[in-house]
Number of protein chains: 4
Amino acid sequence: MLWSTDKRSQILQAAFKLFAQKGFFHTTVEEVAQEAGVGKGTVYGYFASKQEMLHQMLCFATDYYFDKFYEVMEGNGGLREKLETIAREHFRFFNRHKDVARVILFEHRHITDDLGDWLIQKEQRRINFLEETLRQAAEAGEIRPVDYQVAARMITGSLWNVGMELAISSFQGSERQMAGGIVDVIWSGLKKE
Amino acid sequence: MLWSTDKRSQILQAAFKLFAQKGFFHTTVEEVAQEAGVGKGTVYGYFASKQEMLHQMLCFATDYYFDKFYEVMEGNGGLREKLETIAREHFRFFNRHKDVARVILFEHRHITDDLGDWLIQKEQRRINFLEETLRQAAEAGEIRPVDYQVAARMITGSLWNVGMELAISSFQGSERQMAGGIVDVIWSGLKKE
Amino acid sequence: MLWSTDKRSQILQAAFKLFAQKGFFHTTVEEVAQEAGVGKGTVYGYFASKQEMLHQMLCFATDYYFDKFYEVMEGNGGLREKLETIAREHFRFFNRHKDVARVILFEHRHITDDLGDWLIQKEQRRINFLEETLRQAAEAGEIRPVDYQVAARMITGSLWNVGMELAISSFQGSERQMAGGIVDVIWSGLKKE
Amino acid sequence: MLWSTDKRSQILQAAFKLFAQKGFFHTTVEEVAQEAGVGKGTVYGYFASKQEMLHQMLCFATDYYFDKFYEVMEGNGGLREKLETIAREHFRFFNRHKDVARVILFEHRHITDDLGDWLIQKEQRRINFLEETLRQAAEAGEIRPVDYQVAARMITGSLWNVGMELAISSFQGSERQMAGGIVDVIWSGLKKE
DNA sequence: TATGAATGAGGATTCATTCAT
DNA sequence: GATGAATGAATCCTCATTCAT
C-alpha cells in the first residue's frame, strides 16, 4: 500500500495532490495543511521546511518507483519478459499515482543541488544496471550487440516520455497495450536478426 | 543566427541563461535586467510581465526548434536519413542552446493553461506528422507495420530524454554518435524483416 | 465608544489617522502597520488589500455617522429641535473624529464604483428622509412650503461645508454656537411667516 | 472662452478631463500626453512636474471661478439679485465645466501644503467678502442682523454642496431653478421680517 | 503535541522623470 | 522644441517560518 494513515502520510498525500495540481511554488504550506486537515504549524512538526517536504516526497516516490524496477529486473525470466513487466509497472505507476508522477517529472527542478545529484545518480545507477543487463543479454545471445548505454537511455527515455504524456495530456491507453507497443519496437531493434 | 543584438534579444538571452541556471521562480526580474545590462523598468517596456516573458521565450524557442524539425522532415531522402538528421539536429540544438533547452524542458510547467495547451498541441502535431510519415514509409515498404502512434512517441521520447540527460547531467557524446546509436536501434526495430 | 482595543481596531485607528493626515495614496501600508504597532503582514490578515481597508473604514465611519442622524430624526420633538440636535451632533462628530471626518470627506474618491454608489445612495436616502420630514412639517404647519429637495440639500450642504471647514482649516467655534447659527438662518428661511 | 488652442491649453484640457474621470493618482502623465496629442516629454516642457501641473490647473480654475464671483458681487444691484446671479453662475460653471469642478472639489487634497493654504485663503477671502457684504446689507436695512460669518458659510456651503451633487451624481436641474430654490430659502432666512 | 496569529524579507510591477536624438 | 526609450525608486502584497498558548 502506498499510503499509511498516520499524520505524516496525510501531509505527504496532500502535498502530492497539490504539488501535482499547481506545482511546488504555487502551492502554499497553508494549503497543504488544510488539505491534510491539520494546522499549519503541525506541518513543521514533521518537515523542517517546505523544501525538506519536497525532498522527502521525492525520496519516498523514487524509492517506491525504483524498488519496483530492481525487484522486477532481479527476478527470473528472459529479457523481453522483464522489459514488458518494467514497462507495464511503469505505466501502472503513472496511472495510479498520477500526482506522484507529476511531482517526480516536474518538481525535481526545485530541489537543492545535492538532492538533485542524488536523484541523477539514482537514475544513472538504473541506466547502468540496464546497460549491464543488456550487455549480459547480448553475451548470452539474447540480443545483438548495440551501443548499450544509448539503448538503455532509449528504453528509459521512451518510458518516461510516454509516461509524461500520460501525466500531462489526456492521452490514454491500456497499460498492457502501451507496454506491448513499446517493447515490440524496442525488441525488434535489439533482438538477434 | 539565434540572437539578434537589439535590446529585446539581449533581455531574452539573459532570461534564457538565468532561467536555465536557476529556474523561473528563483530568478528575479531584477536579475534578468542586470544580466541584460538594462534597467528593471526596461524589461517591462518589452514584456508585459515575467510570465509574458517566459511565454515569449517558449514561443521563440519552440518555433526555432520545431521549424528545424519540419524543414528536415519535408526535405527529400529516405526515412532513415531523415531520422538521423532529425536526431543530429536535436542534439546539436541541445548542445548549442543548453539554456534554451533547459527552459523548454523544465519551465513549461510555469505557464498558463492556454499556452500549455498551445505547446502540447505543437508537440502533438509533431507526433501526428511523424506518425503519418511512419505510416507512409510502411506503405512504401520502407519499414514494417507497427503501432505508429507509439513508435512516433518512442522516437520523440528517446530524443527528448537523451537530450534531457545532456541538459542536466555531464553526460557527453558527439552529436553524430548519439544520433547514430539511437537511430540504429530504432531503425532495427522498424525496418522490414 | 468608537474604538475597541482589538488588533483590527488598532489598525483602523492608525489608518484613519494617517489617511486623514496624508491621504490614502500618500500613506503606505507599512506606515499604517507601524502606526498600529503591528507587522505589515498582520494588516493583510485583517484586510485583503489597502483598498479593502479604505472600504471598511468608510463603511464603519458612515454607519457610525448616519446611525446617529436617524436616531435623532426618528426621536420625538419639533423639527427645529431636531435640526439643532442634528447640527450639534454633526459638529461634535467632526470635532471629536476629525480623522474620520477627513477620510469621509476626501478619500471617498479612491473607492471602487460599487462602494461609491453605495455611499451616494446612503446620502441620497438621508436627503430623501429629510425631504419627507420637511414635507410633513409643512403639512403640519410647522414650516412654509418650499422646494423640499433643494431645502434638504441646503441643510446637509451647510452641515458638510461648515464641517469641511472644521476639518481642513483652523476655523473653530463651539458646537452649540455653530449649530445655533446655522439653524437660526435655516429656520428663518423655512418657518411659516 | 475657457480654452485657448495653444499646446499648453491642450495639455491642461486633457489633464482636466482625465483627472476628473480617474483622479490625480490614477492618471499617468503618459495618458495626459496621449489625450493631449503630444509626446510625454513635451508635457515637461510646460510643467515642471505632475504636481506642478495640478497646481496650475487649480490656480487657473479657481481664478476663473472666483473672478466671476467678484465680478458679480462688485456690480450694481440689490443683494438678492446678486445672490441669485452668483448661484446661477455657480451652477452654470458646474454644468459647463464638470471636469474642472470635479478637480477643484476632489483633487485639492493632493496638493502641497503651501498651495493648499493659498486655496484656503482664497476661499476665506471670499467668505470674508461675503460676510462684509451681508453686514453692509444689514446696515442698509436689506436683511436682518444674523451671524454673518455663519451665514456666509451657509451660502457658499449650499452652493458647493449642491454643486458637488451635480458633479458626482446624476442629479439634474435647471441652473435657474436650482439657484432660485436656494436663494429663496436663504433669502427668507435673511430678509428683514 | 497541535495550533494559527503574527511577522517581515523578498519580489513583481508602476510610473514620474530624464535625456539623447 | 518635441519626442519616447530608458530608468529605478517606491510600494503593494505573498507566504515560509516562528512561537506563545
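To find a chain, count down the sequence lines: A is the first, B the second, and so on, and within it residues start at 1.
- In this structure, of E/dC15, E/dA12, E/dT17, it is E/dA12 that holds the atom nearest to the side chain of B/Tyr44.
- For F/dA6, the OP1/OP2 oxygens have a side-chain nitrogen or oxygen of B/Lys7 closer than 4.0 Å.
- Centroid-to-centroid, the aromatic rings of A/Tyr65 and A/His97 stay 6.0 Å apart or farther.
- For B/Lys50 and F/dT14, the NZ to P distance is 16 Å, given to the nearest whole Å.
- Proximity of C/Tyr46 to the phosphate of E/dA6: a side-chain N or O atom is located under 4.0 Å from OP1 or OP2.
- Between the CG atom of B/Leu18 and the P atom of E/dA12 there is a distance of 12 Å, given to the nearest Å.
- Regarding B/Phe25, its CZ atom lies at a distance of 14 Å from the P atom of F/dT14, rounded to whole Å.
- Looking at the side chain of A/Thr42, the nearest of the listed nucleotides E/dT3, E/dT17, F/dA16 is E/dT3.
- Side chain of B/Thr42 to backbone of B/Val38: no donor-acceptor contact under 3.5 angstrom is found.
- Under the 6.0 Å cut-off for aromatic ring centres, A/Phe25 and B/Phe24 do not qualify, their centroids lying 6.0 Å or more apart.
- Taking a pair to require two hydrogen-bonding distances under 3.5 Å in either a Watson-Crick or a G-U wobble arrangement, F/dA20 pairs with E/dT3.
- In this entry F/dC12 has E/dG11 as its Watson-Crick or G-U wobble partner, both defining distances falling under 3.5 Å.
- Out of E/dA12, F/dC13, E/dT3, the shortest distance to the side chain of A/Val38 is found at E/dT3.
- Look at C/Lys40 and you won't find any side-chain N or O under 4.0 angstrom from OP1 or OP2 of E/dT7.
- Regarding A/Phe47, its CZ atom lies at a distance of 15 Å from the P atom of F/dA16, rounded to whole Å.
- Comparing C/Ala48 and B/Gly45, the nucleotide of DNA chain F nearest to each residue sits closer to the 5' end for B/Gly45.
- If you take CD of B/Glu31 and P of E/dG10, they are 12 Å apart, rounded to a whole angstrom.
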List the steps, then state whether side chain to side chain contact (heavy atoms under 4.5 Å, CB included) holds for C/Leu54 with C/Phe47. CA-CA 9 Å; C/Leu54 180 60; C/Phe47 305 94; over 6 Å; no

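- Between A/Phe60 and A/His55, the gap from one ring centroid to the other reaches at least 6.0 Å.
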